[in-house]
A.B. asks: 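First, the structure itself, so that you have it in front of you.
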Amino acid sequence: LGFVGRHFVETEDDGSFRADAPPRARDLLAIIAAEGYPTLLAEVGSTRDALEFTLHGGATLRIRFAFDDSGLPVTDAAVVAMVTQSEGGGEMGTFLTGVTDDEGQLQLDALPGFVGMVMLQHPEHGSSLYSPQAGMMMPGGGLLMRGPEKIHLTEGRNEVELRVPRGVVLHGTVRDAAGEPVAGAVVSTSGSPFGIGKGVETVTDDEGRYRFTASGMGRIRVQAQAAGYVQDPTTLVVERPEGPTEIAHDIAMLDAARVEGMVVDPKGAPVAGSEVEIRPHTEDAGVSDGIPTTMGEGERARAISDGRGRFVLEDVAPGSRYVVVGRAEGFVLSQSEPCLL
């Protein structure tokens, strides 16, 4: 579910691996990454003790990214591309990643097939998307790259050019509940659509001011973080008008709460080294088959339990119902009863 609950292992010299998963977990996804090969995504069925994955290459994809208005190259941009075997997609494919060079170009090793989508993220120009199904994926519009109607990768070298629109400039001031500026606050946007890629990030100056360029895929999520504060939820989302422009958006901060607790095993003994985080609670919240189903707004507070099983979660928004989720080696992902802060 949204790549939640990842567990990382490396293969041995003979290519073998072993990874533990909750016994009732369903719909597991294996992500196999190795240098020189496109990253493979494979759904794992009920038989899990005799898995075998084969990595292939065969095609080279060379993309040139240029700005839509000037034709100049888009340099130092992070790129994520997905390739599927069939033209319509619908099945798992391979993820390809890289960074554009001084000429706005990027070369990727791939499997023969069809490019399902390409995402580009640049710290000064925001994020944009190319996909043959872009209209279906983003019916509300957004920053879409222009390119061929479809990209069919055959064995050997494949070249394509994508035109990148510029993002929207966001600027404003971060203030506390008393209206005073908050200096040194980290202001950022989320990554590319579907949570892939890194968002834009900056730090407020001595007068609490910030300024950066974001993608603005219809609605822009802007998040501010500062020690001792949480963001007013009403300032999390910016509605972006059509066309490139500048948007003034002030951010309000509220005094934060602090949560302390203990992680124990079923016998009541403390569990050290457990990963703990707190999430907003909804009526249908819970942990299902080892996968957390509560997906809250904003950044979640996280901590690691100490040798006595104690943990401290800082900068939590007060006045709401939350659940605390814990994860430790040898235990199934679990959560607490809902609590009101």
Side-chain angles (χ1 to χ4, degrees), residues 1-63 78-99 106-119 131-133 137 150-158 191-198 273-275 287-293 295 325 327-334:
L1 177 63
F3 298 124
V4 173
R6 286 178 290 183
H7 184 62
F8 295 88
V9 296
E10 291 188 2
T11 54
E12 304 292 342
D13 292 339
D14 61 355
S16 64
F17 70 93
R18 178 183 177 89
D20 297 325
R24 294 183 298 131
R26 302 188 305 270
D27 302 327
L28 296 180
L29 177 67
I31 307 173
I32 303 95
E35 185 175 355
Y37 298 92
T39 300
L40 175 67
L41 275 71
E43 294 179 342
V44 178
S46 58
T47 302
R48 302 176 182 176
D49 56 356
L51 299 174
E52 184 172 298
F53 305 104
T54 304
L55 299 178
H56 298 277
T60 299
L61 172 62
R62 189 169 186 83
I63 310 176
V79 177
V80 178
M82 189 177 76
V83 178
T84 58
Q85 290 185 324
S86 63
E87 182 175 355
E91 79 280 355
M92 286 297 173
T94 58
F95 275 138
L96 315 173
T97 63
V99 178
L106 173 66
Q107 182 167 304
L108 301 167
D109 295 321
L111 293 169
F114 296 85
V115 176
M117 64 181 176
V118 178
M119 296 180 183
S131 175
Q133 290 84 33
M137 297 169 64
K150 65 179 179 180
I151 302 176
H152 182 197
L153 300 183
T154 58
E155 291 190 6
R157 187 183 178 94
N158 300 259
S192 302
F194 315 111
I196 300 176
K198 182 181 179 182
S274 173
E275 301 176 26
V287 173
S288 174
D289 298 317
I291 301 297
T293 57
M295 308 296 288
V325 179
R327 173 201 311 278
E329 188 72 25
F331 295 92
V332 174
L333 184 69
S334 307

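We use all heavy atoms of the structure for the numbers below, so side chains are in, but hydrogens, waters and symmetry mates are not.
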A.B. asks: Suppose we screen for side chain to side chain donor-acceptor pair (under 3.5 Å). Which residues come up paired with T154, at least two apart in sequence or across chains?
C.D. replies: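 Once residues adjacent in sequence are excluded, the partners of T154 under the side chain to side chain donor-acceptor pair (under 3.5 Å) criterion are N158.
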A.B. asks: Hey, does the side chain of S334 reach the backbone of V332 with a donor-acceptor pair shorter than 3.5 angstrom?
C.D. replies: yes
A.B. asks: With sequence neighbours left out, what residues match D14 under side chain to side chain donor-acceptor pair (under 3.5 Å)?
C.D. replies: S16
A.B. asks: Among residues at least two apart in sequence or on other chains, which ones pass side-chain contact (heavy atoms from CB on, under 4.5 Å) with A328?
C.D. replies: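 Here the qualifying residues are V271, S274, F331.
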A.B. asks: Applying side-chain contact (heavy atoms from CB on, under 4.5 Å), name anything that partners V9, two or more places apart in sequence or on another chain.
C.D. replies: H7, F17, A19
A.B. asks: What pair of heavy atoms forms the shortest contact from Q85 to F114, and how long is it?
C.D. replies: O-CD1, 3.5 Å
A.B. asks: How long is the gap from CG on L108 to CD1 on I63, to the nearest 0.5 Å?
C.D. replies: 6.0 Å
A.B. asks: Do you know which two heavy atoms are closest between E43 and L29, and how far apart they sit?
C.D. replies: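 That would be N-CD1, 4.1 Å.
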A.B. asks: Is it true that a side-chain atom of S131 and a backbone atom of G116 form a donor plus acceptor pair closer than 3.5 Å?
C.D. replies: yes
A.B. asks: Could you go through the side chain to side chain contact (heavy atoms under 4.5 Å, CB included) check for L153 and L111 one step at a time?
C.D. replies: CA-CA 8 Å; L153 300 183; L111 293 169; over 6 Å; no
A.B. asks: Indicate the atoms forming the closest heavy-atom contact of A42 with F53, along with that distance.
C.D. replies: CB-CE2, 3.7 Å
A.B. asks: Just to verify, what does D109 make a side chain to side chain donor-acceptor pair (under 3.5 Å) with, not counting sequence neighbours?
C.D. replies: none
A.B. asks: Please name all residues satisfying side chain to side chain donor-acceptor pair (under 3.5 Å) with Q107, sequence neighbours left out, ordered by chain then number.
C.D. replies: R62
A.B. asks: Among all residues two or more places apart in sequence or in another chain, which pass the side-chain contact (heavy atoms from CB on, under 4.5 Å) test with E155?
C.D. replies: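 Listed in chain order: P112.
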A.B. asks: Between atom CE of M82 and atom CE of M117, what is the distance when rounded to the nearest 0.5 Å?
C.D. replies: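 One gets 4.5 Å once the value is rounded to the nearest 0.5 Å.
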A.B. asks: Sequence neighbours left out, what passes side-chain contact (heavy atoms from CB on, under 4.5 Å) with A33? Give chain and number order.
C.D. replies: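 If we apply the side-chain contact (heavy atoms from CB on, under 4.5 Å) test to A33, skipping adjacent residues, the hits are T39.
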